[in-house]
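The structure appears below as structure tokens.
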Amino acid sequence: MRPSRDIGLALLHAGVVLCQVRRLAISIDSTDIKSGTPLDGFVSYSIEFASFPDFAGNKSSPNTFSDNLLNNIGYLQGDKPYIRVGGNTQDFAIYNANLTVALNGTVNVTRSPDYPTTIDIGPSFFESYSTWPNVKFSHGFNMGGNNDPRVQDTLTQTAELACMALGTDKLYVWEYGNEPDLFATNAQWPVRPSNWNESDYVNEWLDGTAVIKSVIQKNCPDLASINAYKYMAPSLAGVANHLKAPLAWADGLDNTQNIEYFSSHNYISGANTPGVTLQGTLMNHTRTRLSVEAHVDEYNTINPGAGVSHIMGETNSLYNQGRPGLSNSFGAALWGIDFALYCAALSIRRVHMHMGTNYRYASWQPVETTRATRGTKAPYYGNIAVAAFLGNLRIAPRPNRPPPPDRQRHRGRLCCRSPTAATASTGVQLFRRRGTTTARIQRLYANGSDAITGITWDGWSYNYELDEGRPVRLANVTVGETVQVTNGTLNITVPDSQAVLVTLGGMDETLNRPSGPARRGRSRNRGI
Ligand SMILES: *[C@@H]1O[C@H](CO)[C@@H](O)[C@H](O)[C@H]1NC(C)=O
Ligand SMILES: *[C@@H]1O[C@H](CO)[C@@H](O)[C@H](O)[C@H]1NC(C)=O
Ligand SMILES: *[C@@H]1O[C@H](CO)[C@@H](O)[C@H](O)[C@H]1NC(C)=O
Ligand SMILES: *[C@@H]1O[C@H](CO)[C@@H](O)[C@H](O)[C@H]1NC(C)=O
Ligand SMILES: *[C@@H]1O[C@H](CO)[C@@H](O)[C@H](O)[C@H]1NC(C)=O
Ligand SMILES: *[C@@H]1O[C@H](CO)[C@@H](O)[C@H](O)[C@H]1NC(C)=O
Ligand SMILES: *[C@@H]1O[C@H](CO)[C@@H](O)[C@H](O)[C@H]1NC(C)=O
Ligand SMILES: *[C@@H]1O[C@H](CO)[C@@H](O)[C@H](O)[C@H]1NC(C)=O
Ligand SMILES: *[C@@H]1O[C@H](CO)[C@@H](O)[C@H](O)[C@H]1NC(C)=O
Ligand SMILES: *[C@@H]1O[C@H](CO)[C@@H](O)[C@H](O)[C@H]1NC(C)=O
């Protein structure tokens with residue numbers, strides 16, 4: 001068991017495009033509260049396999065910009081993000097021992113303009129697992145095979161290299177195959193016959209993972225124990241595709257009981273789907289709610305048991321790498337907050353935001369390319385806000401000191417209630433909290449939901465051009481706001497397109513300190 005944490009109140013406010021202030025009284029009581037128990041490292045990332053060398057660099061040239069951004073999240077939530085290395089390109093990667101570069105990818109624009117679909121990786125690919133201190137990874141093995149006969153050799157070769165590169169310090173789980181529910185139906189690169197079904201998938205998965213295990217037993221025996229040898233699976237693209245997770249489970253996917261995370265993938269819609277808009281699609285809580293709940297229903301149908309945590313192993317706004325002007329905007333950052341906190345409230349216990357080099361929805365662009373400027377992007381600020389909201393997830397409730405009565409009610413719970421209407425609020429009625437007289441206000445600010453620059457969290461910028469992603473406090477943003485709580489009610493002004501974190505209680509500890517990322521706040525009962 002990893003420590004979980006109690007969170008009192010969440011009120012997410014995703015507004016509309018311009019800063020028009022309206023009055024809205026929002027009353028929240030304990031019946032509105034949904035409970036969740038986020039894992040450590042709740043805000044995590046999934047990095048496209050072929051982009052991993054760009055994001056992480058290598059031993060002689062580590063990507064410290066990425067590491068700075070991971071540290072910022074780590075300071076807020078107590079652990080650096082977990083990194084899943086995978087995605088579509090994991091199922092294209094073929095090992096080539098003679099390759100002198102980390103990865104040699106060939107782009108076929110018919111298949112995708114955004115990532116290579118023919119890929120060789122060399123021994124130095126695995127150096128990228130050594131560049132970020134205190135980060136745990138999952139390595140995604142190639143199951144799809146790309147119709148390449150070298151895939152079986154690749155599995156044994158990469159299992160050895162990955163286990164040696166990762167070891168017990170850096171590995172958290174393995175993954176075998178990305179989105180196998182699309183293997184038979186992908187229009188551009190079908191890699192299985194159309195009658196390939198759940199039973200076939202399970203047989204292949206059990207065979208492949210047995211091969212991986214035998215390689216690990218031989219080369220990395222300390223990773224072969226029952227506690228160390230674990231997977232995330234089945235990593236399906238959706239709940240209604242060619243393979244269904246409940247059938248795969250019924251067919252024995254977890255027969256060897258080595259699945260630690262039931263991993264779902266989710267996108268709210270597609271980059272090229274007609275009718276997609278910022279306000280109607282991403283900044284639409286109903287849409288987000290339905291999207292998340294479908295996965296919760298699937299997990300509950302399977303009911304894999306308490307030992308198998310539900311996570312979003314890969315997720316972001318719009319599939320096909322996002323749409324410019326939407327997925328890279330502040331509105332997408334607000335969507336990311338709504339989405340992640342709703343997941344947390346429904347006990348999807350960790351959320352890996354997916355990204356790759358040049359991807360429109362990426363939280364940051366790790367390197368300079370002809371298609372995108374290196375830099376911190378709007379969605380990252382949403383990730384920061386989520387980490388700030390959850391606070392230090394390593395701090396478990398103290399067993400010997402019962403909390404004061406008004407906190408006890410919310411102990412061990414995480415609540416997330418978003419108003420169904422996307423409008424601004426000025427009055428928030430809180431459930432009564434004796435002894436709470438002051439609340440601290442922190443804002444995620446930008447000039448409108450369509451902004452792609454100029455975003456700050458509580459006055460902090462994490463932009464590359466300021467200090468390579470390290471936090472920089474800007475002088476021109478208001479910080480240190482507090483409001484009085486009177487008879488369970490507090491009034492705050494929230495312009496549309498802003499997220500606000502309200503921290504109740506524990507004020508002595510947090511109010512007098514700089515709210516910078518080095519803070520390891522103990523305060524609980526936060527709302528956003
Ligand atoms: C690697 O190079 C050696 C020596 O030139 C050669 O025998 C071998 O076939 C090459 N392997 C691959 C995978 O290209
Ligand atoms: C390490 O990264 C640098 C910068 O991208 C690159 O020039 C170098 O070739 C890489 N080294 C290896 C062994 O891949
Ligand atoms: C990369 O792959 C392309 C296409 O297969 C090939 O022409 C090129 O020589 C390869 N480059 C390296 C460094 O192996
Ligand atoms: C690119 O992909 C398309 C679709 O899979 C395929 O028909 C075509 O042969 C590929 N082109 C090359 C040069 O491999
Ligand atoms: C998959 O197909 C095989 C052979 O056609 C059949 O025996 C099996 O029951 C099918 N499995 C599922 C889950 O439909
Ligand atoms: C929000 O999403 C729901 C569910 O997809 C949809 O019915 C509704 O029309 C959307 N609202 C707007 C304003 O587009
Ligand atoms: C904020 O956005 C509005 C509307 O797009 C624009 O007119 C204004 O100049 C922007 N202000 C700043 C400070 O960027
Ligand atoms: C605040 O300061 C930053 C950094 O100096 C600057 O880039 C930004 O434009 C300023 N914002 C406003 C609204 O003046
Ligand atoms: C909050 O604002 C409302 C409406 O303006 C007002 O009636 C109420 O007294 C205010 N409450 C507090 C605690 O200031
Ligand atoms: C405080 O709130 C309670 C319950 O809503 C109400 O009955 C009471 O009159 C309020 N007291 C004051 C001083 O506003």
Side-chain angles (χ1 to χ4, degrees), residues 18-19 50 88-89 91-94 104-120 144-150 177 179-207 233-234 236 239-255 298 301-302 320 330 333 373 375-378 380-381 384 443-481 495 497-498 516:
L18 292 173
C19 293
N88 283 350
T89 55
D91 286 301
F92 303 140
I94 295 293
N104 182 24
T106 307
V107 173
N108 176 341
V109 291
T110 314
R111 291 182 166 208
S112 174
D114 293 317
Y115 49 75
T117 49
T118 304
I119 296 171
D120 276 12
N146 210 18
N147 299 316
D148 190 312
R150 295 172 292 170
E179 303 187 349
D181 51 333
L182 305 181
F183 281 1
T185 56
N186 189 305
Q188 300 300 332
W189 60 83
V191 292
R192 293 293 184 278
S194 58
N195 64 352
W196 195 67
N197 68 16
E198 290 84 356
S199 316
D200 301 319
Y201 164 61
V202 168
N203 288 337
E204 278 191 41
W205 195 87
L206 294 173
D207 288 351
L236 300 189
V239 297
N241 293 327
H242 184 70
L243 301 183
K244 309 286 184 297
L247 286 177
W249 217 268
D251 264 340
L253 190 68
D254 197 28
N255 270 1
E298 180 183 72
T301 300
I302 295 169
N320 290 339
F330 186 62
T373 305
T376 310
K377 298 172 66 180
Y380 178 76
Y381 286 86
I384 281 281
R443 296 176 189 271
L444 185 67
Y445 171 82
N447 184 25
S449 62
D450 54 354
I452 56 170
T453 59
I455 302 161
T456 52
W457 163 251
D458 194 33
W460 296 95
S461 173
Y462 305 93
N463 277 8
Y464 177 77
E465 61 276 16
L466 296 183
D467 194 14
E468 296 187 7
R470 293 178 202 90
V472 174
R473 200 72 185 253
L474 300 188
N476 56 8
V477 184
T478 305
V479 295
E481 272 181 83
S497 302
Q498 197 173 90

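Along the sequence shown, residues carry numbers from 1. Just so you know, ligand 1 is whichever comes first in the structure, and atom 1 is the first atom listed for that ligand.
At the top of the distance list for atom 5 (O) of ligand 4, counting protein heavy atoms only, stands Gln188 O, 2.9 Å. Nearest to atom 4 (C) of ligand 8 among the protein's heavy atoms is Leu474 CD2, 4.0 Å. With respect to atom 2 (O) of ligand 4, the closest heavy atom belonging to the protein is Asn108 ND2, 2.3 Å.
Residue nearest to atom 6 (C) of ligand 8, selected from Asn476, Asn447, Thr456, Leu466: Asn476 (by heavy-atom distance).
Here the shortest heavy-atom pairing between Gly144 and Arg192 reads O-NH1, 2.8 Å. Counting all heavy atoms, side chain and backbone alike, Ala378 lies closest to Phe330 at CB-N, 3.8 Å. Heavy-atom minimum distance, Asn195 versus Asp200: O-OD2, 3.7 Å.
Although no hydrogens or angles enter the test, the distance criterion places a donor-acceptor pair under 3.5 Å between the side chain of Asn108 and the main chain of Thr110. Under the 3.5 Å distance criterion, the side-chain polar atoms of Asn146 are matched with a main-chain donor or acceptor of Thr117.
Close contacts of ligand 5 with Asn197, meaning ligand atoms under 4.0 Å from a residue heavy atom, involve 1 (C), 2 (O), 3 (C), 8 (C), 10 (C), 11 (N), 12 (C), 14 (O).
The shortest heavy-atom distance from Asp251 to ligand 5 is under 4.0 Å.
Of the charged side-chain nitrogens involved, none lies within less than 4.0 Å of a carboxylate oxygen, so that Asp181 and Lys244 do not count as a salt-bridged pair.
Residue contacts with ligand 5: Ser199 is placed with a nitrogen or oxygen under 3.5 Å of a nitrogen or oxygen of the ligand (distance criterion only).
Less than 4.0 angstrom separates atom 9 (O) of ligand 4 from none of the non-hydrogen atoms of the protein. The nearest protein heavy atom to atom 14 (O) of ligand 8 is closer than 4.0 Å.
Side-chain atoms of Arg473 and Asp458, non-hydrogen and from C-beta on, do get closer than 4.5 Å to each other.
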